[in-house]
Amino acid sequence: MAAQKYVWEGAIPLQIHLHESQVTALPPPPPALILAPRIGYLPLLAPLIKPYFSSTLPPGVDTIWFDYNGLPLKWYIPTGVLFDLLCPEPERPWNITVHFRGYPGNVLIPCEGEDSVKWSFINSLKEAAYIMNGNCKNVMNMSQSDQLDLWNSIMNGNLEAYQRVSSKHKLSTVDDEYTSLWLPKSQQSLGETDLTAQVKTGRVPVRLYVLSVREDFHDLDEMPRVDSWEKISYINRPVEIRKEDKCFTLHDALKTLLPELFSDESLTNVKLTGVDFENATRNPNEDVRTDKVVEDQGQSAYKNPEGGHISGRAEIKLIRIQGIEPKLEIPFSWVANNLINPDYFLHICVYAKVGQ
Amino acid sequence: MDVLHWDGTLSAKDFRVGAFAFSQKWESLNSGFPPWVWVLSSKHPWLASPEEEGYLSLEKICISRPNEEDIDQISQIDTGEEEIGCPGNEDVIDDATLVQSSHHELHYCDFHIVYSSTFRVPVLYFRSYCSDGRPLPLDEIEKDLPACSSKELSKSKWTFITQEEHPYLKRPWFKLHPCGTAEWIKLLFLSDTAKPKFEVVLELYLLSWFSVVGQMFGLRTPFKISN
């Protein structure tokens with residue numbers, strides 16, 4: 001599973017500035033340069049960041065939070081996903097601002113350090129387990145020490161340790177062959193299900209983030225910056241892999257999640273006119289090796305179903321998973337097995353242009 | 001569709017149907033409470049969504065538990081707004097003595113019933129606040145709950161509260177975790193000796209569900225299952 005290794009090694013270079021309101025001594029401290037794991041979460045970087053700024057902070061209790069261009073960053077979204085979503089044109093290093101006071105409790109769920117992040121992670125894992133197995137018994141039955149080992153493996157970026165614990169508890173992934181694990185009755189709520197058995201329903205946990213813009217753009221850096229989370233639609237819905245004549249592709253999966261943005265016409269490879277993706281597909285400073293994962297790096301064209309135009313109003317501009325723009329005809333089961341986060345969720349960022 | 005083989009879950013469409021049935025039954029049974037309102041909310045405001053998405057809302061319900069010294073009378077709190085329902089009706093709230101006292105600030109609760117496509121069951125989201133609108137943290141809210149609830153919360157793996165982003169309002173709300181729901185709801189219906197048809201189950205699903213989760217907040221739902 002070489003692709004998972006690359007996912008785990010992926011990192012975002014951050015340039016972290018202390019917010020001016022927190023600076024008590026001039027000159028203001030220089031920004032901290034930190035390499036943040038894609039699969040990690042921003043508050044976990046606190047021990048690395050604090051030493052840079054502790055001498056200039058005002059006295060009191062610290063509650064860390066971050067913003068990008070004024071937008072408070074949701075700490076429970078993995079760092080790599082935040083970057084893929086909020087930086088259409090990847091910014092290297094990514095300039096974000098850190099705060100230690102003034103936590104925006106009306107926008108962000110409280111975060112009391114590593115424990116909050118761990119708790120949120122375990123909850124996501126339970127949800128993913130439920131989606132894949134029909135119950136979260138395997139996660140609920142994990143011993144304290146196994147839970148800790150799992151969490152530490154993520155904190156340390158240790159994929160082997162992680163796989164040891166996850167396979168022990170049968171945190172399964174989707175069958176990678178095109179054969180389906182789909183139960184004929186699973187579509188209805190009255191499937192024949194033994195609650196105690198581990199039933200693989202063929203459902204894949206997916207979290208979709210759709211950034212919609214009204215004005216068309218030719219370059220990614222022309223996209224208006226995100227100043228509010230209202231501009232992002234978050235869809236937390238599993239995708240069911242169905243066995244059909246042809247194999248179930250990423251395109252098929254996205255179509256079930258965003259039917260309004262796809263048509264019924266078959267997939268055609270179309271170069272989006274005027275959109276410059278050359279910089280987007282090559283990320284030399286990012287550790288994720290896109291060459292291994294996306295077959296053809298020579299093209300700067302973005303493979304897009306023609307059908308985005310069918311509604312006359314809305315079209316998909318970009319789809320990003322783990323910092324790459326995968327071809328839509330890739331089998332979804334491959335994507336589900338190789339590009340997921342440690343929480344067993346597939347986080348997908350979509351840019352869509354919508355009409356008035 | 002046989003209840004014996006049912007796994008306790010609902011489709012999104014079932015949920016909408018069940019929600020409508022629930023709000024109708026609720027109105028006919030609880031004159032003391034305001035009605036549940038279906039809030040239509042498209043997740044893609046910029047697209048014409050063929051699917052109606054929404055959730056049930058019941059707001060400004062008084063959940064204060066009075067101190068023992070304050071218990072002397074039952075009184076109705078009337079602020080002139082229709083939405084506020086603080087029924088002193090004993091059928092509806094256990095130990096129903098709602099008292100307006102200067103020592104005891106009243107706490108209110110908003111309840112939203114939202115469908116979870118992950119767990120395929122309804123999920124209760126709630127938030128609690130004072131009369132001046134100040135939101136209450138969880139430890140304050142727990143003081144308002146019946147004593148048995150806090151015990152349940154700490155020991156039962158089926159009922160616990162997390163703070164998460166409301167799926168529609170995008171603000172931090174509290175949520176009663178749904179991962180055991182399908183199991184106990186199925187048991188609830190199977191324990192009824194007259195095994196009902198699925199259509200009946202659907203009609204009664206939310207009412208039965210809320211009769212259990214509502215008790216967490218000291219809200220009792222009186223109802224009869226008609227055959």
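Because the structure is predicted, anything quoted here is derived from the model rather than measured. Each chain gets a letter, A, B and so on, in the order the sequences are listed, and its residues count up from 1.
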Original post:
Do Lys170(B) and Val107(A) pass the side chain to side chain contact (heavy atoms under 4.5 Å, CB included) test, and can you show the C-alpha distance, the side-chain angles, and the key distance before you say yes or no?
Top reply: CA-CA 8 Å; Lys170(B) 309 263 182 82; Val107(A) 178; over 6 Å; no
Original post:
Would you call Glu53(B)-Arg237(A) a salt bridge at under 4.0 Å N-O?
Top reply: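 Judged by the 4.0 Å cut-off on N to carboxylate O distance, Glu53(B) and Arg237(A) do form a salt bridge.
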**OP:** Answer yes when Lys137(A) and Glu183(B) have at least one side-chain N-carboxylate O distance shorter than 4.0 Å, and no when they do not.
**Re:**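 Glu183(B) and Lys137(A): salt-bridged.
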Original post:
Hey, are the side chains of Tyr76(A) and Glu165(B) touching, using non-hydrogen atoms and a 4.5 Å cut-off?
Top reply: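 Tyr76(A) vs Glu165(B): side chains touch.
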[atom1]-[atom2] distance between [X] and [Y], expressed to the nearest 0.5 angstrom:
X: Asn123(A); Y: His177(B); atom1: CG; atom2: NE2; answer: 4.5 Å
X: Ile109(A); Y: Trp173(B); atom1: CD1; atom2: CH2; answer: 13.0 Å
X: Ile235(A); Y: Ser117(B); atom1: CD1; atom2: OG; answer: 9.5 Å

**OP:** May I have all residue pairs that pass salt bridge (charged side-chain N to carboxylate O under 4.0 Å, His left out) and include part of residues 203-214 of chain B, sequence neighbours excluded?
**Re:**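 Only Lys25(B)-Glu203(B) qualify under salt bridge (charged side-chain N to carboxylate O under 4.0 Å, His left out).
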Original post:
Is the count of non-hydrogen atoms from other residues, nucleotides or ligands lying under 6.0 Å from Phe20(B) atom CZ greater than 12?
Top reply: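 Counting other residues, nucleotides and ligands, CZ of Phe20(B) stays at 12 neighbours or fewer.
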Do you know which two heavy atoms are closest between [X] and [Y], and how far apart they sit?
X: Trp119(A); Y: Thr162(B); result: NE1-CG2, 4.2 Å
X: Asn106(A); Y: Arg171(B); result: O-CD, 2.9 Å
X: Gly105(A); Y: Pro172(B); result: O-CG, 3.6 Å

